[in-house]
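Every heavy atom of this structure was used, including side-chain atoms; hydrogens, water molecules and symmetry mates were not. Lettering of chains follows the sequences in order, A, B, ..., and the numbering in each one begins at 1.
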2 protein chains.
Amino acid sequence: MEPKIRVLIADDHQLVRKGFVSILEQIPQVEIVADAANGREVLDAFRRGIRADVVMLDYEMPIMNGLETLEQLKKDYFGIKVIMLTMLNERSIIQQAIEKGADGFLFKNTSIEELSAAIFKVHKGEKYFAGEVALALAKPAASIQNQALLELLSERELEILKLVAQGFSSTEIGQQLFISPRTVDTHRNNLIQKLEVKGIAGLVQLAIKNKLV
Amino acid sequence: MEPKIRVLIADDHQLVRKGFVSILEQIPQVEIVADAANGREVLDAFRRGIRADVVMLDYEMPIMNGLETLEQLKKDYFGIKVIMLTMLNERSIIQQAIEKGADGFLFKNTSIEELSAAIFKVHKGEKYFAGEVALALAKPAASIQNQALLELLSERELEILKLVAQGFSSTEIGQQLFISPRTVDTHRNNLIQKLEVKGIAGLVQLAIKNKLV
DNA sequence: GAACAATCTAGTAATTCTACCCGTTTAAAC
DNA sequence: GTTTAAACGGGTAGAATTACTAGATTGTTC
């Protein structure tokens, strides 16, 4: 018989924690070795010699949050797998967790099927991310106004906008395009007016957000 | 007995296509209604009256690629579910697919378990993305130098960098922070030197890329 | 082809930015 | 306790910017 997967769960809300425990208990291949109310307790448990294959960490916790705990665990205990839990579907949270080496990411409204699937996958060394994770990560690509932008501006203006955003001065742009720096100024000023932004800084911002550079 | 899930598979490589078909045939709840070599064939099949609940589209196809096909299908056939397939784990591809409404995303080295899980989930109206998708999306957030940036700059400099990136002039910033515009200039100039960029434009670029604004 | 709008071009003046300069303060290093 | 380094505050001269105005060119409409 296969050894059970040892799981440790950390969440500051006792209700949530117990809920997860009772769900996990329904999975026969899983053994709960401990539960903790914050990151510090997780690390303390490990220092006392408790070992888990998969650690489930809530993101929002007092004293020591999930992200710090994740970092510490990954540093000190080679091979440990960590699944992050959160209620908030925020890009930055997810991104940071993934960067710090999280093996999985679930939301608290997950199902027992998804939970067990995640644990098994992660334990095998694979990654598991809830579908919503990909959605949240893909969203902020906004800047759809790109199309409107191309219609609003003339070719010359677009050309100059790109060069301005790359940090060239009027003089430099004038040399590149074989026109007077004054002319470049005029185009730049027209751009600032048309796009209703504040100075060069505004142009650069807009250019970057619309991926012109 | 539940009606079977009708699946249509499109991939320009016959080998891959047949491979998927033979895998799908092992899933009893699934019925393959057609297979196609490109997007046009998919649309033609639909025009001939063939209906599928879930369409699996390869991203790279001649004549009409997966993305265009996805867009067309979602526009013309309400409620249809689409899973995108690809070999390439590239951010832009995934992002575009999600923006255009893809319900799932898999890589061609997927397993029968993952494939059937994806089909069932998507058919229920949920999303399914392979774990690697989230990884690919999180990666190009490059700006890891953010940390280095915070260490390199003083608080005051960071403060001024943010304001500069928001389009304020030295005079305006001076007024906000109750210091001389000359002093703002000095800080701005130090920033330009420290960060080795060209003028305001360079500062704005860097600030945006590091998400300071 | 005259009238019209949009675009590209350019000049002038006022303002702002940039590249130097220096003194003070603060904290760490010797 | 002196030395160093870093952050902060300010000045001046020259370059680049912004805000104006306006002529030349192009394409469109009637």
Side-chain angles (χ1 to χ4, degrees), chain A residues 145-213, chain B residues 143-213:
Chain A
Q145 60 198 97
N146 206 313
Q147 193 56 34
L149 203 71
L150 297 178
E151 284 169 24
L152 183 62
L153 303 182
S154 70
E155 272 188 48
R156 199 57 151 178
E157 286 172 333
L158 202 65
E159 195 175 8
I160 286 175
L161 175 56
K162 285 182 192 171
L163 291 170
V164 168
Q166 280 164 48
F168 294 109
S169 72
S170 289
T171 316
E172 290 171 318
I173 297 176
Q175 283 167 2
Q176 281 188 51
L177 302 182
F178 305 107
I179 56 178
S180 158
R182 305 290 146 266
T183 307
V184 178
D185 286 344
T186 305
H187 285 303
R188 186 166 23 64
N189 294 334
N190 290 339
L191 284 167
I192 291 174
Q193 279 215 338
K194 274 193 182 178
L195 303 173
E196 295 171 6
V197 295
K198 275 198 284 186
I200 290 186
L203 288 180
V204 177
Q205 250 195 62
L206 192 141
I208 291 183
K209 287 186 178 158
N210 287 51
K211 303 202 173 112
L212 297 178
V213 286
Chain B
S143 62
I144 311 162
Q145 59 199 100
N146 205 313
Q147 193 57 34
L149 204 68
L150 297 178
E151 284 169 23
L152 184 61
L153 303 183
S154 70
E155 272 187 47
R156 199 58 152 178
E157 286 172 332
L158 201 64
E159 196 175 7
I160 286 175
L161 174 56
K162 286 181 190 171
L163 290 170
V164 168
Q166 280 164 48
F168 294 110
S169 72
S170 290
T171 316
E172 290 171 318
I173 297 176
Q175 282 167 2
Q176 282 188 51
L177 303 182
F178 304 106
I179 56 177
S180 158
R182 308 287 149 275
T183 306
V184 178
D185 287 343
T186 305
H187 285 303
R188 188 167 24 62
N189 294 335
N190 290 339
L191 284 167
I192 291 174
Q193 279 215 337
K194 274 192 182 179
L195 303 172
E196 295 172 6
V197 296
K198 275 200 283 186
I200 289 185
L203 287 180
V204 177
Q205 256 196 55
L206 192 140
I208 292 183
K209 287 186 178 158
N210 287 58
K211 304 203 172 104
L212 297 178
V213 286

Visitor: Whole angstrom is fine here: how far is it from CD in B:Glu155 over to P in D:dA6?
Guide: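 Going from B:Glu155 (CD) to D:dA6 (P), I get 18 Å.
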Visitor: Report the distance from atom NE2 of A:His187 to atom CD1 of A:Ile179, rounding to the nearest 0.5 Å.
Guide: 5.0 Å
Visitor: With respect to the phosphate group of C:dT7, does any side-chain polar atom (N or O) of A:Lys194 fall under 4.0 Å of OP1 or OP2?
Guide: yes
Visitor: To the nearest Å, how far apart are A:Gln193 CD and D:dT21 C1'?
Guide: 13 Å
Visitor: Could you work out how much the helix from C:dG1-D:dC30 to C:dC30-D:dG1 bends, comparing the axis of its first five pairs with that of its last five, to 10°?
Guide: 40°
Visitor: To the nearest 0.5 angstrom, please state how far the CD atom of A:Gln166 sits from the CD1 atom of A:Ile208.
Guide: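 Rounded to the nearest 0.5 Å, the CD-CD1 separation comes out at 10.5 Å.
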Visitor: Run the salt bridge (charged side-chain N to carboxylate O under 4.0 Å, His left out) test against B:Lys194 and tell me which residues pass, sequence neighbours left out.
Guide: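 Applying salt bridge (charged side-chain N to carboxylate O under 4.0 Å, His left out) to B:Lys194 gives B:Glu157.
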Visitor: By the salt bridge (Lys or Arg N to Asp or Glu O under 4.0 Å) test, which pairs, at least two apart or in different chains, include something from residues 158-167 of chain A?
Guide: A:Arg156-A:Glu159
Visitor: Kindly state each residue pair satisfying salt bridge (Lys or Arg N to Asp or Glu O under 4.0 Å) with at least one member in residues 171-182 of chain B, sequence neighbours excluded.
Guide: B:Arg182-B:Asp185
Visitor: Within the 4.5 Å heavy-atom criterion, are B:Leu177 and B:Ile160 side-chain neighbours or not?
Guide: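 Yes, close enough: below the 4.5 Å cut-off.
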Visitor: I need a per-nucleotide contact map over nucleotides 10-18 of chain D, read 5' to 3'. Cutoff is protein heavy atoms under 4.0 Å; write B for the base, S for backbone only, - otherwise.
Guide: BBB---SBB
Visitor: Considering only nitrogen or oxygen atoms on both sides, find all protein atoms under 3.5 Å from nucleotides 25-27 of chain D and state each distance.
Guide:
none

Visitor: Figure out the NE2/P separation between B:His187 and D:dA6, and round it to whole Å.
Guide: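 After rounding, the reported distance stands at 16 Å.
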Visitor: At what distance, to the nearest 0.5 angstrom, does OG of B:Ser169 lie from CD of B:Gln175?
Guide: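 Taking OG in B:Ser169 and CD in B:Gln175, the distance rounds to 7.5 Å.
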Visitor: Between C:dA6 atom P and A:Leu153 atom CG, what is the distance in whole Å?
Guide: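 A:Leu153 atom CG is separated from C:dA6 atom P by 14 Å.
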Visitor: Go through it in stages, so that I can follow the logic: the residues are B:Gln176 and B:Leu163, the test is side chain to side chain contact (heavy atoms under 4.5 Å, CB included), and I'd like the CA-CA distance, side-chain angles, deciding distance and then a yes or no.
Guide: CA-CA 10 Å; B:Gln176 282 188 51; B:Leu163 290 170; 3.7 Å; yes
Visitor: Rounding to an integer number of Å, can you tell me how far B:Glu159 CD sits from D:dA7 P?
Guide: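 Checked: the CD to P distance equals 15 Å.
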Visitor: Can you check the B:Asn190 CG to D:dA5 C1' distance for me, whole Å?
Guide: 14 Å
Visitor: Working to the nearest 0.5 angstrom, can you tell me the gap between A:Leu161 CG and A:Leu203 CG?
Guide: 6.0 Å
Visitor: To check you understand the geometry: which heavy-atom pair defines the closest contact between A:Ala165 and B:Ala201, and what is its length?
Guide: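 For A:Ala165 versus B:Ala201, the nearest heavy atoms are O-CB, 4.5 Å.
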Visitor: Mind checking the CG-OG spacing from B:Asn189 to B:Ser170? Nearest 0.5 Å is all I need.
Guide: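 Between atom CG of B:Asn189 and atom OG of B:Ser170 there are 8.0 Å.
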